[in-house]
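Data block below; observations after.
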Amino acid sequence: MEKRAVVLDIASDFNRGDAIMQKAYGLLLQRIDVSDVTGIGIYGYNEGRLADSHYDESKVYFKRIFHGLRRTYNLSEKNSFTKIKNVFSLVNIWILVLLPVVIWGEQKRRYREIISELNNSDLIIWNGRNFRNRKGFGEFYDLLCFIYLPVVVLLRTRKSMVFYGVSIWPLKYKLSRALVMWLLRSPRIEVWAREQASVEVLNDYKIDNRRCMDLSFPVLSNIVKNARNNVERDIEMVLTLTDWVEDGLLYRSNYVKIIANLVKAKATLSNPVLVLPQVYPDWESYTEILAEIVNEIGDDRLVISIQDKLSHAELCDFYLRSKLVVTTRMHGAIFAAWCGASVVSIAYDAGSKWSILRDLGCFETVVNFKDLTTDNLSYALGLAKEQNVFDHNHILENIEKDLQALQEFI
């Protein structure tokens with residue numbers, strides 16, 4: 001009999017890090033005889049048409065994708081009322097979670113469809129989220145956005161779930177910690193953390209958990225294994241960029257200047273620096289900050305920005321050719337490390353998730369965005385030259401253990 005799984009909270013494939021993890025669910029679930037996989041997206045039913053195009057890499061691994069119960073404005077054009085609409089949307093979804101009898105129309109129909117999918121599943125996976133320690137109310141707001149679907153599972157079904165691959169920062173606020181502990185201590189949620197730093201936070205919160213491997217690893221292993229042999233490393237340096245403003249414009253300005261100085265030191269007209277779209281610029285745009293970096297450099301011939309929407313294999317083709325990758329995307333570091341490049345990371349949201357890079361032997365070259373200076377970047381670049389090849393087999397053996405543990409839930 002065909003086994004069925006539901007994966008909660010699938011995000012946009014335009015972030016190739018999210019895409020590779022979502023693709024991994026399809027690949028791994030096939031290996032434990034689950035052939036019917038439903039995804040429930042983080043984007044609302046009101047943005048369904050826009051969201052469909054965002055699953056260009058992972059959609060072939062899901063038999064069906066439902067868009068979420070909450071009205072969202074992630075993909076729609078932003079205006080001065082967007083934040084207000086988001087708050088009303090959050091209030092509305094928690095009314096639905098706690099009092100579903102009061103909803104009607106399209107939202108009621110979607111709710112019934114998703115409850116039916118959950119009840120007919122053999123396995124429910126809650127796709128791992130980043131529980132960051134944000135400023136002010138943002139930390140608690142994010143948690144309320146993240147957890148409504150798992151709470152629906154707990155309140156409206158008898159099903160259990162695997163929370164696969166969470167990263168959790170030490171949370172700043174008592175209310176945030178209380179909410180996380182209330183939810184994740186549920187005996188119906190099996191918590192799997194994807195790096196040791198999160199294991200330690202969860203242990204501190206007295207939440208039972210299991211360490212697992214990041215879901216990108218098995219897909220990258222297959223890509224690199226199937227890549228052409230003896231690829232020439234003919235690219236001196238690759239950049240991936242993030243336009244991060246949460247910590248203030250002074251830190252952003254510092255980032256622009258230091259990256260520009262790095263390019264001026266490394267690039268030549270015959271061997272310019274490449275900027276890769278680890279996340280598509282029309283999704284989380286780095287176009288403006290790249291323009292500022294190029295302006296600071298003073299010569300646009302020293303930078304080539306790849307505009308194509310690259311698949312995972314195409315991204316890896318570039319990383320396999322690269323000698324050095326300086327990345328402000330965590331999965332950019334993971335891709336590059338699997339492809340054997342020297343890696344320096346600038347952690348824009350420094351915290352637990354970046355310690356995944358310990359598994360790949362390149363955590364010592366992570367520089368905190370807020371601590372970025374010419375000196376500590378130079379130090380990291382020096383360390384990167386000495387990075388050792390990590391133990392691929394050890395990681396793959398642990399992935400097999402993850403699969404065996406997952407099979408026990410079916």
Nearest 0.5 Å, please: how far is [atom2] in [Y] from [atom1] in [X]?
X: M181; Y: D204; atom1: CE; atom2: CG; answer: 9.0 Å
X: I259; Y: L377; atom1: CD1; atom2: CG; answer: 6.5 Å
X: L276; Y: Y319; atom1: CG; atom2: OH; answer: 5.0 Å
X: K59; Y: K23; atom1: NZ; atom2: NZ; answer: 12.5 Å
X: I346; Y: T240; atom1: CD1; atom2: OG1; answer: 8.5 Å
X: S121; Y: M161; atom1: OG; atom2: CE; answer: 10.0 Å

Side-chain H-bond candidate by donor/acceptor type, [X] with [Y], under 3.5 Å:
X: W354; Y: D349; result: yes
X: H331; Y: D214; result: yes
X: E195; Y: S352; result: no
X: T328; Y: T242; result: no
X: W192; Y: N209; result: no
X: S305; Y: Q307; result: yes
X: E47; Y: S76; result: yes
X: S89; Y: R70; result: yes
X: S322; Y: R233; result: no
X: N127; Y: Y25; result: yes
X: Q387; Y: T365; result: yes
X: N376; Y: T373; result: yes
X: N119; Y: T157; result: no

Give the minimum heavy-atom separation between [X] and [Y], together with the two atoms involved.
X: F390; Y: L360; value: CD2-O, 3.4 Å
X: K172; Y: R177; value: O-NH1, 3.1 Å
X: S216; Y: I20; value: CB-CG2, 3.3 Å
X: N271; Y: E236; value: ND2-CG, 3.2 Å
X: S311; Y: E57; value: CB-OE2, 3.3 Å
X: P100; Y: R156; value: CD-NH2, 3.5 Å

Would you say that more than 12 heavy atoms from the other residues, nucleotides or ligands in this model lie under 6.0 Å from the [atom1] of [X], or not?
X: K78; atom1: NZ; value: yes
X: F88; atom1: CZ; value: no
X: R301; atom1: CZ; value: no
X: K83; atom1: NZ; value: no
X: K266; atom1: NZ; value: no

Whether [X] side chain and [Y] backbone form a donor-acceptor pair below 3.5 Å:
X: S53; Y: L50; result: yes
X: R188; Y: V153; result: yes
X: S345; Y: A347; result: no
X: R16; Y: L310; result: yes

Taking 4.0 angstrom as the limit, do [X] and [Y] come out as a salt bridge?
X: E139; Y: K135; value: no
X: R185; Y: D208; value: no
X: D36; Y: K3; value: no
X: E117; Y: R4; value: yes
X: K309; Y: D13; value: no
X: E2; Y: K63; value: yes
X: D142; Y: R129; value: no
X: R110; Y: E106; value: yes

| query | Which class fits the ring pair F217 and W338: parallel under 30°, tilted 30 to 60°, perpendicular over 60°? | reply | tilted

| note | The residue among I10, D52, N74 that forms side-chain contact (heavy atoms from CB on, under 4.5 Å) with Y43 is N74

| side-chain contact (heavy atoms from CB on, under 4.5 Å) between D402 and R210, intermediate numbers included | CA-CA 9 Å; D402 293 343; R210 180 185 187 279; 2.7 Å; yes

Does some side-chain heavy atom of [Y] sit less than 4.5 Å from a side-chain heavy atom of [X]?
X: V343; Y: L324; answer: no
X: I93; Y: L90; answer: yes
X: L28; Y: I32; answer: no
X: F131; Y: L184; answer: yes
X: V273; Y: L302; answer: no

| message | Centre-to-centre under 6.0 Å for H67 and Y45, is that the case here? | response | no

| message | So that I know where these two stand, are Y255 and F369 an aromatic pair - ring centroids less than 6.0 Å apart? | response | yes

| Test log, rule side-chain contact (heavy atoms from CB on, under 4.5 Å), inputs F66 and E113 | CA-CA 9 Å; F66 287 97; E113 285 180 341; 3.5 Å; yes

| task | Determine, stepwise, if the pair N79 / K85 fulfils side-chain contact (heavy atoms from CB on, under 4.5 Å). | result | CA-CA 10 Å; N79 58 45; K85 289 189 289 187; 3.9 Å; yes

| Are R329 and N15 close enough, and set up right, to give a side-chain contact (heavy atoms from CB on, under 4.5 Å), and what steps lead you there? | CA-CA 10 Å; R329 306 297 318 195; N15 181 325; 3.5 Å; yes

